[in-house]
2 protein chains.
Amino acid sequence: MSAENNLTGVRRSRPRRTDEGKDKATARDELRKAILAGEYMPGERLVEAQLIERFGASRFNIRLALQDLAGEGLVEIQRNRGAQVRKISLAETIEITQVRMVLEGLVAAQAATRVTDEEASELDEIGLLMRRAVEAGEFRRYSDLNQQLHALVRRIAGHQTADRLIGTLRAQLARHQFMLSLLPGRPMVSLPQHERIITAIRGRDPGEAEAAMRDHIASVIEVLRTLDDQGIIP
Amino acid sequence: MSAENNLTGVRRSRPRRTDEGKDKATARDELRKAILAGEYMPGERLVEAQLIERFGASRFNIRLALQDLAGEGLVEIQRNRGAQVRKISLAETIEITQVRMVLEGLVAAQAATRVTDEEASELDEIGLLMRRAVEAGEFRRYSDLNQQLHALVRRIAGHQTADRLIGTLRAQLARHQFMLSLLPGRPMVSLPQHERIITAIRGRDPGEAEAAMRDHIASVIEVLRTLDDQGIIP
DNA sequence: GTCAGCGAAGTTGTCAACAACTTTTCGGAG
DNA sequence: CTCCGAAAAGTTGTTGACAACTTCGCTGAC
């Protein structure tokens with residue numbers, strides 16, 4: 001969400017290799033990765049001194065990194081009380097997924113108007129691999145392919161604004177994200193939905209592509225509501 | 001005789017209540033307001049020293065404020081080159097408006113499922129005022145009412161996630177926003193669209209509410225594309 | 001026992017000085 | 001006159017020290 005690395009293409013006149021102090025961007029990316037990997041749990045305090053030790057960056061850069069992640073909704077900063085990994089309620093999870101639904105719907109529609117023949121082949125390829133993964137019961141692999149498919153659709157659409165927003169929203173749900181794919185029976189339901197999306201984009205039918213994507217994500221929301229009734233997610 | 005250390009005896013006037021040093025949040029809000037008011041044009045450099053003078057905040061807080069506004073997409077920061085008001089191309093304006101279209105569509109749908117009788121009256125009220133404003137040729141007032149209507153729909157929906165995103169997107173387009181309402185003939189086109197939105201929400205018809213909102217904003221996108229062809233907007 | 005008050009420890013917020021980088025200026029060689 | 005390069009000016013990036021705030025534990029009166 002920022003153009004901060006100005007790679008001028010010109011080599012540095014003054015090499016400063018020996019410095020191992022990491023800059024803001026590096027610290028931010030590593031910390032985000034750690035949070036998404038679940039190494040810090042929601043609600044856990046992020047004490048600056050500890051982060052300095054772990055990531056080897058200066059306090060200044062650590063603070064900037066925390067500010068950035070707060071902007072992304074991954075971290076919550078309370079004045080004079082420090083930062084903690086943001087807790088996301090189920091209600092908020094549903095809201096976020098609803099927004100993802102309409103955004104990915106928009107992206108799917110745009111992908112349908114822009115897809116090239118080559119990209120269509122890529123879509124087919126992923127669809128095929130998905131079907132195989134489901135038949136083989138490789139659910140983890142199916143989950144990966146799921147992400148690949150959504151990423152490919154976004155790449156085809158080339159909608160930077162929607163793309164960026166979807167990225168930050170997905171990050172906020174990273175914890176729940178892959179759990180869903182592993183629910184018993186989920187792949188059987190979502191596979192035909194994915195295939196419908198692929199077919200619509202291949203057929204260059206924006207309306208159908210959007211509808212297919214929205215139905216797909218709407219069914220995820222249904223599952224979330226079910227989990228709510230069962231009290232599975234806090 | 002380099003740095004003469006200041007003895008603890010003389011602390012400039014105590015940094016208590018009376019001190020006018022503004023904090024990050026205040027500086028950020030005031031700077032954002034100034035940018036949205038057009039006091040800084042797109043592409044204009046935001047030199048820290050000048051901002052310190054104008055807003056009376058410390059450099060530290062000015063920098064934090066700039067970071068925040070960069071996160072909101074209002075400002076662009078290039079490393080070692082400072083900040084400037086972000087320029088938004090027409091292509092990006094269209095992208096942002098497309099995202100707004102689907103987000104406000106979602107919000108309208110949700111508003112239709114939640115609207116109370118009292119809120120329905122408020123909608124009617126605004127609709128009535130809009131019609132009168134158009135008939136009286138008060139376009140500036142119509143533009144205000146337009147914003148009020150959208151804000152009311154969002155309030156009714158109570159969708160925090162979508163609400164926040166729409167807010168930041170609207171801010172990015174603040175410059176173009178009100179220009180559109182002032183285009184000749186625009187109110188005549190958009191008034192019935194607004195009335196359709198109101199009717200749909202009143203009728204508690206989510207699908208129709210979303211469709212009405214999307215058609216409305218889609219027509220804005222059409223105008224943007226037209227302006228592009230005419231080369232009016234850079 | 002307990003609870004208010006007080007102080008220490010731990011953590012975050014802010015600042016001013018300094019370092020590094022970019023842009024501008026200017027003198028001299030060609 | 002123009003171009004090159006280095007110094008100067010202007011601006012931003014970073015650091016370490018310190019101030020302010022929160023939390024926790026201790027003491028002692030009741």
Side-chain angles (χ1 to χ4, degrees), chain A residues 2-28 31 40 43-70 75-86, chain B residues 1-28 31 40 43-71 75-86:
Chain A
S2 59
E4 62 206 350
N5 275 342
N6 174 28
L7 301 181
T8 52
V10 181
R11 189 169 312 162
R12 302 182 165 189
S13 46
R14 291 253 231 103
R16 301 189 27 146
R17 296 298 137 131
T18 53
D19 249 348
E20 55 179 321
K22 293 165 184 171
D23 65 356
K24 177 189 87 167
T26 309
R28 159 163 52 68
L31 177 53
Y40 294 100
E44 186 171 345
R45 284 191 64 188
L46 298 169
V47 179
E48 294 176 2
Q50 295 171 2
L51 300 177
I52 291 168
E53 278 235 349
R54 162 150 188 184
F55 296 103
S58 67
R59 186 153 92 93
F60 183 79
N61 283 325
I62 289 289
R63 295 195 102 223
L64 290 182
L66 286 172
Q67 294 274 348
D68 276 10
L69 295 180
V75 155
E76 189 174 4
I77 297 180
Q78 291 175 301
R79 189 184 168 91
N80 288 326
R81 290 194 191 181
Q84 57 181 219
V85 181
R86 194 158 81 92
Chain B
M1 57 175 10
S2 47
E4 197 68 34
N5 45 5
N6 44 358
L7 299 179
T8 51
V10 184
R11 278 262 143 265
R12 316 161 299 181
S13 60
R14 242 178 281 112
R16 251 350 191 187
R17 309 285 151 107
T18 54
D19 205 46
E20 286 206 34
K22 293 166 184 170
D23 64 357
K24 176 189 86 167
T26 309
R28 161 166 46 72
L31 176 53
Y40 294 100
E44 186 171 346
R45 286 191 64 187
L46 298 169
V47 180
E48 295 177 0
Q50 296 171 0
L51 300 177
I52 291 168
E53 277 234 351
R54 161 149 188 185
F55 296 103
S58 68
R59 187 153 92 95
F60 184 81
N61 283 326
I62 289 288
R63 295 195 101 226
L64 291 183
L66 286 172
Q67 294 276 347
D68 276 10
L69 294 180
V75 156
E76 189 173 5
I77 296 180
Q78 290 175 307
R79 188 181 170 93
N80 288 325
R81 289 193 193 181
Q84 58 181 220
V85 181
R86 194 159 81 92

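Numbered from 1 within each chain, the chains take letters A, B, ... in sequence-line order.
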Residue list, salt bridge (charged side-chain N to carboxylate O under 4.0 Å, His left out) with B:R45, at least two apart or on another chain: none

Residues which pass side-chain contact (heavy atoms from CB on, under 4.5 Å) with A:R54, listed by chain and number, not counting sequence neighbours: A:A34, A:E39, A:Y40

Residue A:S58, side-chain heavy atoms: nucleotide from D:dT15, C:dT12, C:dC15 that is nearest: D:dT15

Is there any protein nitrogen or oxygen under 3.5 Å from a nitrogen or oxygen in nucleotides 7-11 of chain D, and what are the pairs?
from   : atom 1 : to    : atom 2 : distance (Å)
D:dT11 : O3'    : B:R45 : NH2    : 3.4

A:D68 side, atom CG; A:L31 side, atom CG - distance, nearest 0.5 Å: 10.5 Å

Tabulate protein N/O versus nucleotide N/O from nucleotides 5-10 of chain C, keeping only pairs under 3.5 Å, one per line.
none

Length of the line joining A:E76:CD and C:dT12:P, which is rounded to integer Å: 15 Å

Residues that A:Q84 engages under side-chain hydrogen bond (donor to acceptor under 3.5 Å, both in side chains), provided they are two or more places apart: none

Closest non-hydrogen atom pair, B:R28 against B:L69: CG-CD2, 4.0 Å

Atom pair distance, as rounded to whole Å: CD1 in A:I62 and C1' in D:dT15: 15 Å

Closest-nucleotide ordering on DNA chain D, the 5'-leading residue of A:R79 and A:L64: A:L64

Short side-chain N/O contact from B:R59 to OP1 or OP2 of D:dT14, under 4.0 Å: no

Whichever of A:F60 and A:A83 has its nearest DNA chain C nucleotide further upstream toward 5': A:A83

Residues that B:A49 engages under side-chain contact (heavy atoms from CB on, under 4.5 Å), provided they are two or more places apart: B:V47

Nucleotide C:dA16, atom P - distance to CD1 of B:I52 in whole Å: 10 Å

Which residues share a side-chain hydrogen bond (donor to acceptor under 3.5 Å, both in side chains) with B:D23, sequence neighbours left out: B:T26

Whole-Å gap separating P (C:dC15) and NZ (B:K24): 14 Å

d(CD, B:Q78; P, C:dC21) in whole Å: 17 Å

All salt bridge (charged side-chain N to carboxylate O under 4.0 Å, His left out) counterparts of A:E48, not counting sequence neighbours: A:R59, A:R63

Pairing residues for B:A83 by the side-chain contact (heavy atoms from CB on, under 4.5 Å) criterion, not counting sequence neighbours: B:L46, B:L66, B:V75, B:I77

